[in-house]
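Notes follow once the structure below has been shown.
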Amino acid sequence: MTFPDGFGEKYRALLGTEADAFFASFAHPAQSGFRVSPLRPPLAMNEHGPAIPWSPTGEYGKVDGNGIDHVSGYVYSQEPSAQFVAAVCAATPGQRVLDLCAAPGGKTTQLAGQLQGEGLLVANEINAGRAKILASNLERFGVQNAVVTNNAPAELAAELPASFDLILVDAPCSGEGMFRKDPDAMQYWSPDLVAQCATRQREIVAEAVKMLRPGGTLVYSTCTFAPEEDEQLAVWAVQTLPLTLQPIAKVGGIQDGRPAFAGGDDAVLETARLWPHELAGEGHFVAKFIKDGDEPAQPGKRMGASKLTAPQQQDLRAGLTALTDPTWPQSRLVLRRDQLFAMPEAAPQLAGLHVVRPGLHLGTFKTHRFEPSHSLATALPPASFHQVIEVAAADYARYRHGETLTVPTSGRGWVLLTHQGKGFALGKQVDHVIKNAYPKGLRV
């Protein structure tokens, strides 16, 4: 592997006798992993692999992106060392959590699993296109207590001061830990890029602290090896902001941060380094902070519910009651144009912010009818649906291709389709035919 100019010299100087092993690791195959969703029942799964020692739900191995386990949200493909970040966060049910730089959603879905549907998860992504991917991954994972926003950190901080118990900043970085997985990432690397990233990371962390309650936890992570973005950022944070570093338990080859990378400051021994030559992963850095003081999170004004018209209420009942028993009170319903959502109970007022998804997408109001959303197929367990049709592998593939299905039992109305007992789509049955309602953007 040919490294960018300056990269080899930098890490030979920093790593000394370790440098040969570090550079040799880039010639090895990239490590793959996945997580099993704690939001799903413990049904038999097709994917299995050796356990990842630092991830309670993680395993080594590759996931079939078109397999039922992935499509129905039972597993999430995620690089092994990246799984350590949310493990350090250790969110607990009922907390108010912000994932500030959340796309594509690996760490976000891991936090959602820890919350177990209780509390609030705000998942933010500044890039509009990536925010849509984030929303799609949360949908597939069946997350009901998340709000997806598309804002700059400063915009969020202005609206949500001291609002969160836990904030994750998985910061945009120079991406050195991506070189083995994605060699094309090397063409963007330069010393100037590292310096630019370090400046931007400081700006993001400074805004994040404004949104964290006193006594709350901030977890900072990168997928780069650069001390400027890692240990030196941690030292800057404790010297500049009301933050104190907290110890991180290290297993499976995870090492302490290196004081030599931060001017000899031993405080960075509390941080964690995942090196690709020391463990089976691409590499990560993690620091955990506590904000000075101890005060409860400020919930602020709650997001207001929408008032549905009488015809809309009637269409909603007709569109959902044949499919599933409604579980969302009027006080949680939010209407955006013709799209209906069930917001989390603790959702704050987000006026002035760009909200991609204010909660679980329930469906769309059409002319004189309500069409339920694909989101329900993965958000609710099959037992919640009145009509469930199990399909074989061939029909599973055909339906995801966009074709109609023919079934032996006649019926009418919306049904949940399952494969191997796992819900993956809704369909509209007319006699013996299941009309295809699989989202066009998900078809294969």
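Residues Phe34 and His70 are not in side-chain contact: their nearest non-hydrogen atoms beyond the backbone lie 4.5 Å or more apart. Under the 4.5 Å side-chain criterion, counting only non-hydrogen atoms from C-beta, Ile389 is not in contact with Leu405.
When all heavy atoms of Leu442 and Arg400 are compared, the pair lying nearest together is O-NH2, 3.9 Å.
Asn151 and His354 share no donor-acceptor pair across their side chains, judged by distance under 3.5 Å alone. In the model, Asn150 has no side-chain atom that pairs as donor or acceptor with a side-chain atom of Arg130 under 3.5 Å. Judged by distance alone, the side chains of Asn46 and Gln420 do bring a donor and an acceptor atom under 3.5 Å apart. If you check the side chains of Gln83 and Trp54, you find no donor sitting under 3.5 Å from an acceptor. Counted by atom type alone, Arg357 and Thr149 present zero donor-acceptor pairs between their side chains at under 3.5 Å. For the 3.5 Å distance criterion, the side chains of Thr324 and Ser384 fail to qualify, holding no donor opposite an acceptor. The closest side-chain donor-acceptor pair between His277 and Ser25, if any, does not fall under 3.5 angstrom. In this model, no donor atom of one side chain and acceptor atom of the other lie less than 3.5 Å apart for Thr364 and Arg337. Inspection of the Glu390 and Thr418 side chains reveals an N or O donor paired with an N or O acceptor under 3.5 Å.
Looking at residues two or more places apart in sequence or on another chain, you find a side-chain hydrogen bond (donor to acceptor under 3.5 Å, both in side chains) between Glu371 and Arg369.
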Decide side chain to side chain donor-acceptor pair (under 3.5 Å) for Glu18 and Tyr11; before the verdict, give the C-alpha distance in whole Å, the side-chain angles of both, and the deciding distance to 0.1 Å. CA-CA 9 Å; Glu18 288 182 76; Tyr11 284 98; over 6 Å; no

Working note: Arg273 + Glu278, criterion salt bridge (charged side-chain N to carboxylate O under 4.0 Å, His left out); need CA distance, chi angles, decisive distance, verdict. CA-CA 10 Å; Arg273 280 274 192 176; Glu278 295 289 348; over 6 Å; no

Under the side chain to side chain donor-acceptor pair (under 3.5 Å) criterion, do Thr109 and Arg35 qualify, and how do the steps go? CA-CA 10 Å; Thr109 53; Arg35 289 181 291 102; 2.7 Å; yes

CA sep, side-chain torsions, deciding dist, call: Asp69, Lys422, salt bridge (charged side-chain N to carboxylate O under 4.0 Å, His left out): CA-CA 8 Å; Asp69 290 348; Lys422 303 161 188 172; 2.5 Å; yes

Carefully, step by step, assess Asp170 and Ser221 under the rule side chain to side chain donor-acceptor pair (under 3.5 Å). CA-CA 5 Å; Asp170 183 43; Ser221 67; 2.6 Å; yes

For the pair Gln110 and Thr108, evaluate side chain to side chain donor-acceptor pair (under 3.5 Å) and give the outcome as yes or no after the intermediate values. CA-CA 5 Å; Gln110 198 171 355; Thr108 318; over 6 Å; no

Apply the test side chain to side chain contact (heavy atoms under 4.5 Å, CB included) to residues Thr224 and Asp230: give CA-CA distance (whole Å), side-chain angles for both, the deciding distance (0.1 Å), then the verdict. CA-CA 8 Å; Thr224 194; Asp230 295 342; 3.8 Å; yes

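If you run side chain to side chain donor-acceptor pair (under 3.5 Å) between Glu282 and each of Arg180, Lys181, Gln31, only Arg180 comes through. The only option from Val143, Leu134, Val355 that meets the side chain to side chain contact (heavy atoms under 4.5 Å, CB included) definition with Val148 turns out to be Leu134. The residue from Arg200, Gln201, Arg202 that alone fulfils the side chain to side chain donor-acceptor pair (under 3.5 Å) condition with Glu229 is Gln201.
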Report, one line per pair, each donor and acceptor closer than 3.5 Å where one atom sits in a side chain of residues 248-256; sequence neighbours left out.
from	atom 1	to	atom 2	distance (Å)
Lys250	NZ	Ile248	O	3.1
Lys250	NZ	Asp256	OD1	3.1
Lys250	NZ	Leu269	O	3.4
Lys250	NZ	Thr271	O	3.3
Gln255	OE1	Arg258	NH2	2.9

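No side-chain donor-acceptor contact under 3.5 Å links Asp265 to the backbone of Pro259. A donor-acceptor pair under 3.5 Å is absent between the side-chain atoms of Ser136 and the main chain of Lys132, judged by distance alone. Remark: the backbone N or O of Ser163 is paired with a side-chain donor or acceptor of Arg96 at under 3.5 angstrom. Looking at Tyr399, its side chain never comes within 3.5 Å of a backbone N or O of Phe424 through a donor-acceptor pair.
Within a 6.0 Å radius of NE2 in His48, more than 12 heavy atoms belonging to other residues, nucleotides or ligands are found. When the shell of 6.0 Å around CD of Glu345 is examined, it contains 12 or fewer heavy atoms from other residues, nucleotides or ligands.
Aromatic ring orientation, His419 versus Tyr396: parallel (interplanar angle below 30°, classes split at 30° and 60°).
Taking the six-membered ring for Trp, Tyr438 and His374 have ring centres closer than 6.0 Å. Remark: aromatic rings of Phe3 and Phe23 are close, center separation under 6.0 Å.
Legend: ring-ring contact (aromatic ring centres under 6.0 Å, His included) pairs involving residues 224-251, not counting sequence neighbours, sorted by first then second residue: Phe22-Phe225, Phe225-Trp275.
The structure places CG of Leu39 at 10.5 Å from OG1 of Thr378, a figure rounded to the nearest 0.5 Å.
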